[in-house]
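What follows is a single structure, written as structure tokens, with notes after it.
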Amino acid sequence: MQATPTYTSPPVVAESTARQPDAPANHADNNGWKRRKELSAADERAGRELAARIRPPLEALRAAGDFAPASTQGALLDLGIQADAIEVTAMRPPIGQDTPPPGAVYAVRFGNVGCAIGAVRPDRVMVEVTGAAAEFGCLEPFSH
């Protein structure tokens, strides 16, 4: 008796219907230097407390129309924050322009890995609590 050949179709593999990110395949690896450290619960609390202290004097600067980096630095120093924990820079000019918009960008390091980062601009004061990045610390450098 002769065996009847059995035909099997190739396995069906379901393709993901999820939208794939619009980024190169190695985007995550190329941007790994931007990854920030995780904050502990204690660092999160300390960061929120620091942000609550930082916001009022920076809101006062904004209300007064004072967006100078030196004024932002002074307001942070007046809170008793050590000078070596503070970084303040002017806003960057938009692409194709030479003049930066009014405002200052700041960072305050706290604890072992914490950062309070943000900006003072005519339309708002921003404060974000996050972890430092191994490559650059609190303020991401301009890369383009």
Side-chain angles (χ1 to χ4, degrees), residues 5-144:
T6 308
Y7 297 99
T8 59
S9 59
V12 175
V13 179
E15 291 188 30
S16 172
T17 59
R19 186 168 188 269
Q20 297 300 312
D22 188 19
N26 56 349
H27 181 76
D29 291 336
N30 289 344
N31 287 286
W33 65 277
K34 296 179 184 180
R35 277 192 208 107
R36 293 183 175 270
K37 296 178 182 174
E38 293 291 322
L39 296 178
S40 68
D43 283 337
E44 257 318 310
R45 278 190 305 278
R48 283 193 307 271
E49 290 170 7
L50 178 60
R53 286 180 51 222
I54 287 172
R55 185 176 289 280
L58 298 183
E59 286 286 0
L61 288 177
R62 186 191 69 76
D66 186 351
F67 309 108
S71 298
T72 299
Q73 174 106 12
L76 296 171
L77 289 169
D78 288 348
L79 291 171
I81 299 170
Q82 298 295 314
D84 62 349
I86 300 170
E87 185 178 355
V88 180
T89 64
M91 301 288 286
R92 295 183 193 126
I95 294 174
Q97 296 182 13
D98 295 329
T99 307
V105 176
Y106 68 89
V108 176
R109 271 185 293 102
F110 67 90
N112 291 327
V113 298
C115 300
I117 60 175
V120 180
R121 302 178 356 187
D123 59 333
R124 65 183 172 184
V125 168
M126 297 181 294
V127 182
E128 177 185 354
V129 175
T130 186
E135 294 282 330
F136 57 82
C138 292
L139 281 185
E140 184 177 326
F142 183 63
S143 59
H144 287 95

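Because the structure is a prediction, the values reported are computed rather than measured. Starting from 1, each residue takes its place in the sequence as its number.
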Closest contact, heavy atoms only, [X] versus [Y]:
| X | Y | answer |
| --- | --- | --- |
| Met91 | Pro101 | CB-O, 3.6 Å |
| Pro57 | Ala75 | CB-CB, 4.3 Å |
| Glu38 | Val113 | O-CG2, 3.9 Å |
| Ala107 | Ile117 | CB-CG2, 3.8 Å |
| Phe110 | Asp43 | CE1-O, 3.3 Å |
| Gly114 | Leu39 | CA-CD2, 3.8 Å |

Can you run down the side chain to side chain donor-acceptor pair (under 3.5 Å) pairs that involve residues 68-84, sequence neighbours left out, and say none if there aren't any? Asp66-Ser71
If you look only at pairs with a residue in residues 116-126, which of them pass as a side chain to side chain donor-acceptor pair (under 3.5 Å), with sequence neighbours excluded? Arg121-Asp123
Should Phe67 and Arg62 count as side-chain neighbours, where that means a heavy-atom distance under 4.5 Å? yes
Between Leu79 and Leu50, is there a side-chain heavy-atom distance shorter than 4.5 Å? no
Look only at the side chain of Arg109 and the backbone of Cys138, and say whether a donor-acceptor pair between them is shorter than 3.5 Å. no
Please list, chain by chain and in numerical order, all residues satisfying side-chain hydrogen bond (donor to acceptor under 3.5 Å, both in side chains) with Asp98, sequence neighbours excluded. none
What is the distance from atom CD1 of Ile86 to atom CG of Leu76, rounded to the nearest 0.5 Å? 5.0 Å
For a salt bridge (Lys or Arg N to Asp or Glu O under 4.0 Å) check, start with the C-alpha distance between Glu44 and Arg48, then their side-chain angles and the critical distance, and finish with the verdict. CA-CA 6 Å; Glu44 257 318 310; Arg48 283 193 307 271; 3.8 Å; yes
